[in-house]
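Read the structure below first, then the notes.
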Amino acid sequence: MGRNARTRAGWDGGGTRGDGERMSQAPDARGGQDGERMPQAAAVRGDQDGETEQTAPAPAPAPRTRRRRWIRRGVLALALVVLLPLLTVAVALRLNYAGDPADGTRTRHKDAIWLGHAWVDGRKGDADVTALARRLRNTGIRDLYVHAGPLEHDGTLPASAYPKAAWLIGAVHEAAPGIRVQAWLGDKLATESPDGMHLAEKDTRAAVVRSTREILAAGFDGAHFDLEPLHSGDRDYLDLLDTLRQVTRAHGVPLSVAAHQIDPLPALHSVAGVLAEHPKWWSQAYFGQVARRVDQIAVMSYDTATPLESLYGGYVAQQTSLALEVTPDSTDLLMGLPFYRENNFDHWSFAETVPAAVRGVRLGLSRTDADRANFGVALYVDFAATEADWTAYEKDWVR
């Protein structure tokens, strides 16, 4: 029943009185024989002699009850606002991880691995090089990114930072012919704090160029740069790469860079920059600008905060496709594999695994450019790698 009161006396369930007279269901329905109008909000009960009994209207909800109800509704609405987009993204990544990689989407023998500073500061010896050469045999690895820095904030690099470089380069060339030893140079940029390298300063960029000339004069087979955090659209970085390319070409060696991940959603780096003051991603267009200025670009496709292997693998598949779309055929594109163990908000070792990454790489390659020749994976990092990491890389990517 609605808000209008209805008499119960004599009802037969069909809307008529006991004497057969049809009762009005309108708001002015009368109860009893005296014809007195009944209040609309009151329930009326009639007995045999026509007397009616009026009941009091239901009490309004207490203010506290209403407040709790609105709080529950607010919490539910907030949960939906937060969880629905996350659920949508998770479903998309999971679907991106589905399917089978195309035949032939395996190593092109242009893979790389990052090596720690111990290789150039005297902690490693001949036996270590022999073991490394044995490890690299029958894999797809062609480049070693050997940590020779870090650069000073002013762009300089003292020779004392890499005292055993000449020994390492000669030993690797002898033990593993065809393997290139590149100098891995990096530094923290002053993009999110005052402490760090200021690429906007012309003198600093000039010092980085001088340091590169010195490192190549020491015998390295290339220069690999990892400057972080590097914000999307940084023109000073592009200017630096233009100058460095001239230097490396004059020496006949590659210019290589480690690259940030690409926006998985349009303009996500801008949103992250506003909300967290850490953009993290590059726009796809900026990634392409960087890729056109170098000989080799390695995507740091780890530290993604994804909590499941399937989601991580789907994310890597997407990153692979996005990078392939804007990287020139003449540039080597490498996708990073997580050869390390950490558990924090950025990286969950049970989710970011080598098998998931390799499968994601192969799926992205299959869907976008399955026959791409200048393509590979880059393993990060040698001193944290386990036998399981190496086995997964060799089984899923090399064989």
Side-chain angles (χ1 to χ4, degrees), residues 88-113 138-143 256 258-266 268 281-285 287-288 290-292 294-304 306-339 351-380 388-399:
T88 300
V89 170
V91 170
L93 292 180
R94 183 61 185 86
L95 291 175
N96 214 29
Y97 195 57
D100 296 318
D103 292 338
T105 51
R106 296 188 182 274
T107 187
R108 277 81 165 127
H109 299 284
K110 295 186 177 181
D111 303 334
I113 183 171
N138 299 321
T139 70
I141 293 176
R142 178 184 60 170
D143 287 292
S256 174
H260 288 243
Q261 298 158 27
I262 301 172
D263 281 337
L265 297 173
L268 186 59
W281 298 276
W282 287 352
S283 71
Q284 189 183 35
F287 186 97
V290 173
R292 289 192 293 273
V294 299
D295 302 294
Q296 192 177 68
I297 184 167
V299 184
M300 295 180 286
S301 43
Y302 35 77
D303 291 344
T304 65
T306 49
L308 299 173
E309 274 191 301
S310 58
L311 302 186
Y312 174 61
Y315 182 84
V316 172
Q318 182 199 40
Q319 288 291 307
T320 302
S321 293
L322 291 172
L324 282 167
E325 289 171 358
V326 293
T327 302
D329 291 340
S330 57
T331 301
D332 292 338
L333 171 63
L334 279 62
M335 302 302 297
L337 303 185
F339 269 45
E352 294 191 16
T353 66
V354 175
V358 171
R359 177 175 167 78
V361 168
R362 295 187 63 200
L363 286 169
L365 183 63
S366 301
R367 294 164 182 159
T368 312
D369 192 356
D371 297 324
R372 172 77 176 235
N374 293 326
F375 184 86
V377 296
L379 323 179
Y380 181 86
D389 294 330
W390 282 104
T391 299
Y393 160 70
E394 294 168 2
K395 173 178 175 291
D396 298 338
W397 179 248
V398 178
R399 299 172 188 168

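Throughout, residue positions are numbered sequentially from 1 according to the sequence presented.
In this structure the side chain of Arg359 reaches within 4.5 angstrom of the side chain of Tyr97, judged on heavy atoms. Within the 4.5 Å cutoff, the side chain of Leu324 has heavy atoms near those of the Leu333 side chain. Considering only heavy atoms from C-beta on, Thr327 comes within 4.5 Å of Phe287 through its side chain. Here the side chains of Arg108 and Leu365 are in contact, with some heavy-atom distance below 4.5 Å.
Checking side-chain atoms of Gln319 against main-chain N and O of Ile262 turns up a donor-acceptor pair under 3.5 Å. Listed for the Asp332 side chain is no donor-acceptor partner under 3.5 Å among the backbone atoms of Gln296. Judged purely by atom type and a 3.5 angstrom limit, Ser366 uses its side chain to pair as donor or acceptor with the backbone of Ala102. A donor-acceptor pair under 3.5 Å links the side-chain atoms of Asn374 to the main chain of Asp329, judged by distance alone. Checked by atom type and distance alone, the side chain of Asp111 never pairs as donor or acceptor with a backbone atom of Gly376 at under 3.5 Å. In this structure a side-chain-to-backbone donor-acceptor pair under 3.5 Å is missing from Gln284 to Pro266.
Between Val361 and the options Val299, Thr320, Asp396, a side-chain contact (heavy atoms from CB on, under 4.5 Å) holds for only Thr320.
Across Trp397 and Thr105, no two heavy atoms sit closer than the pair CZ3-O, 3.5 Å.
Using a 30° and 60° split on the angle between ring planes, Phe339 and Tyr393 fall in the perpendicular class, above 60°.
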